S.K.: 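A single structure is presented below for examination.
When reading the values below, keep in mind they use all heavy atoms of this one structure, side chains included, and skip hydrogens, waters and symmetry mates. What you see is a predicted model, and the numbers here were worked out from it, not measured in a lab.
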Amino acid sequence: MKYYLIVGEASGDLHASHLMRSIQEQDPQAEFRFFGGDLMTAVGGTRVRHYKELAYMGFMPVLLHLRTIFRNMAMCKRDIDQWKPDVLILVDYADFNLNIAKHVAKGNRKVRKSHQGHEVKIYYYISPKIWAWKEWRIRSIKRDIDKMFCILPFEVEFYEGKHHYPVHYVGNPTASEVRQYKEHAAEGNAEFLRKYQLKKPLIAILCGSRRQEIKDNLPGMLEATAGLNAQYQLVIAGAPAIEREYYEKFTTRYAVTILPPGNTYQLLYNATAALVTSGTATLETGMFNVPQVVCYETPIQLIVRFVFDHIMTAGYISLVNLIAGREVVPELLADRFSAENIRRELMRILPGGEGRQAQLDGYALVHRRLGNAVAPDNAAKIMTGNKEN
């Protein structure tokens, strides 16, 4: 069958690449065409656009690039119509993907009405986070998405219990990927440490995958760690779309190692503690059992705090806390973000700190709730028709 995939950021590229490999195992004749990244390209198929050309975050960047965004949307719709895939697989990235789903679903309804043409199955792998923001999008999901594949246990109750929309919980791909990495991590670990001259206990800094996130968060993170170099080595995990020179704008006054992209798991495997910007990275850090402080600086802090407290329906911003259903890791969002607060929470989770063991106990709960299912394998079996669920 022919599979068209759309991702909008680095984590989506990672998850989609694993899904593609699982699809190939179930459907050896699979053909892929996609909006994606280097990892998906390595699997095979035709890349139409790199996700770097799609990923804009924040009001102003989106506003400034509206013409590009709409041009990419129009191009994607034409490309799908011309290629006529059997399956469209959307990975998170809600604003773009739900617009594409609406277009393809409209075409499907015309096909069903006229009994002529080609119908495309529309699958959503990794649900958009409408449980936290823009819950009204459930209407378009019910209308346009044939099957929703969830990777967070609490999403099942949200969709099925609250909105009476059946979904598939297939397991969590991040948990699967970390487990798989750990099985072979020791093989190259000594070489990794020697290559980057990492000799002291490590404090990992995961400051986001987009320029704006890095600009907002990294300065405060570095300020919070000032003076710890005698005991610890500070290490930044480079993001796939960010060149080293961009990090160096913020690190000139600090003794810090900047790793090239692709080394986040190696870093977390060796880290003693971490400062992490909210996102998939918070769950990755938890899966490696590395105590962390979640740091998320925002503009107009008081307004963001009001929105979070009174408008957003999720109680937390980090996946670890959302899955646990309680605060396992501290979240320094908006007005709570400061170098002083970050340092205080970091000291609590370093060895000997009073908060370290409590985080590790909370991680054990998260591990249990996620389970051991291999998410891409389960999803691929359903998408290829080799398993009904």
Side-chain angles (χ1 to χ4, degrees), residues 4-20 32 34-43 45 47-62 64-66 68-69 72-73 75-76 88-101 123-130 132-134 137 149-152 172-174 176-178 206-218 236-243 246-247 260-265 268 276-285 294 296 298 317-319 322 375-376 379:
Y4 201 108
L5 298 93
I6 304 173
V7 311
E9 57 187 359
S11 62
D13 181 36
L14 174 64
H15 297 324
S17 69
H18 288 294
L19 176 62
M20 290 165 68
F32 298 117
F34 53 88
F35 278 44
D38 299 336
L39 297 176
M40 296 169 71
T41 303
V43 177
R47 188 175 76 201
V48 182
R49 284 281 190 277
H50 199 287
Y51 69 78
K52 294 178 185 178
E53 302 176 55
L54 309 177
Y56 301 105
M57 180 183 178
F59 178 76
M60 285 307 298
V62 169
L64 291 172
H65 292 91
L66 270 179
T68 300
I69 293 169
N72 281 328
M73 278 185 180
M75 183 269 182
C76 183
L88 172 65
I89 302 173
L90 310 170
V91 183
D92 201 354
Y93 195 46
D95 290 325
F96 192 97
N97 276 336
L98 287 175
N99 185 281
I100 300 300
Y123 298 153
Y124 219 122
Y125 182 63
I126 305 183
S127 161
K129 298 170 182 60
I130 66 168
W133 186 250
K134 299 181 181 179
R137 281 176 163 165
F149 296 85
C150 294
I151 64 168
L152 300 170
N172 187 275
T174 296
S176 301
E177 289 151 10
V178 172
L206 282 63
C207 50
S209 60
R210 299 183 178 94
R211 292 175 188 274
Q212 189 64 47
E213 287 179 321
I214 296 166
K215 179 182 177 182
D216 289 342
N217 291 283
L218 184 55
I236 296 173
I242 309 297
E243 63 277 5
Y246 190 75
Y247 293 103
N263 287 285
T264 300
Y265 280 14
L268 290 174
V276 187
T277 296
S278 184
T280 304
T282 63
L283 184 56
E284 290 173 331
T285 305
V294 176
Y296 204 83
T298 66
I317 62 169
S318 68
L319 290 175
L322 286 163

S.K.: Looking at side-chain heavy atoms only, is the closest gap between Asp38 and Arg47 below 4.5 Å?
M.R.: yes

S.K.: Per the side chain to side chain contact (heavy atoms under 4.5 Å, CB included) rule, which among Asn172, Ile151, Thr174, Thr282 passes with Leu319?
M.R.: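 Between Leu319 and the candidates, side chain to side chain contact (heavy atoms under 4.5 Å, CB included) is satisfied uniquely by Thr282.
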
S.K.: Answer whether the closest heavy-atom distance between the side chains of Lys134 and Asp95 falls below 4.5 Å.
M.R.: yes

S.K.: Closest heavy-atom contact between Ile126 and His15?
M.R.: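 The pair with the smallest heavy-atom distance is CD1-CD2, 3.3 Å.
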
S.K.: Test Ile100 against Leu88 for side-chain contact (heavy atoms from CB on, under 4.5 Å), laying out the working first.
M.R.: CA-CA 10 Å; Ile100 300 300; Leu88 172 65; 4.1 Å; yes

S.K.: Between Tyr247 and Gly208, which heavy-atom pair has the shortest distance, and what is it?
M.R.: OH-O, 4.4 Å

S.K.: Taking all non-hydrogen atoms of both residues, which atom of Tyr51 and which atom of Gly8 are closest, and how far apart?
M.R.: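 Heavy atoms only, the tightest pair is CB-C, 3.8 Å.
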
S.K.: Calculate, to the nearest 0.5 Å, the distance between atoms CG and SG belonging to Asn99 and Cys76 respectively.
M.R.: 9.0 Å

S.K.: Could you tell me the separation between the CD1 atom of Ile242 and the NZ atom of Lys52, rounded to the nearest 0.5 Å?
M.R.: 8.5 Å

S.K.: Could you give the distance from CD (Glu284) to CD (Glu177), rounded to the nearest 0.5 Å?
M.R.: 7.5 Å

S.K.: Are the side chains of Val178 and Leu268 in contact, using a 4.5 Å heavy-atom criterion?
M.R.: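 They are not in side-chain contact.
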
S.K.: Do the ring planes of Phe149 and Tyr123 sit parallel (below 30°), tilted (30 to 60°) or perpendicular (above 60°)?
M.R.: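 Judged by the thresholds at 30° and 60°, the geometry between Phe149 and Tyr123 is perpendicular.
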
S.K.: Please report the closest heavy-atom contact between Cys207 and Ile236, naming both atoms and the distance.
M.R.: SG-CG2, 4.3 Å

S.K.: Begin from the C-alpha positions of Met73 and Phe96 and carry the test side-chain contact (heavy atoms from CB on, under 4.5 Å) through to its verdict.
M.R.: CA-CA 7 Å; Met73 278 185 180; Phe96 192 97; 3.5 Å; yes

S.K.: Using a 4.5 Å cut-off on heavy atoms from C-beta on, say whether the side chain of Pro128 contacts that of Asn97.
M.R.: no

S.K.: List the atom of Ser209, the atom of Ala239, and the distance in Å for their closest heavy-atom pair.
M.R.: CA-CB, 3.7 Å

S.K.: Which value, rounded to the nearest 0.5 Å, describes the distance between Ile130 atom CD1 and Leu98 atom CG?
M.R.: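 CG of Leu98 is found 8.5 Å from CD1 of Ile130.
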
S.K.: Compare all side-chain heavy atoms of Met20 with those of Met40 and state whether any distance is below 4.5 angstrom.
M.R.: yes

S.K.: Is there side-chain contact between Tyr296 and Asp216, with heavy atoms separated by less than 4.5 Å?
M.R.: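 The answer is no; the side chains never approach within 4.5 Å.
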
S.K.: Testing the basics here: between Thr277 and Ala281, what is the closest heavy-atom pair and its distance to 0.1 Å?
M.R.: O-CB, 4.3 Å

S.K.: Give me the one residue out of Ile89, Val91, Leu5, Val7 that meets side chain to side chain contact (heavy atoms under 4.5 Å, CB included) with Phe34.
M.R.: Leu5

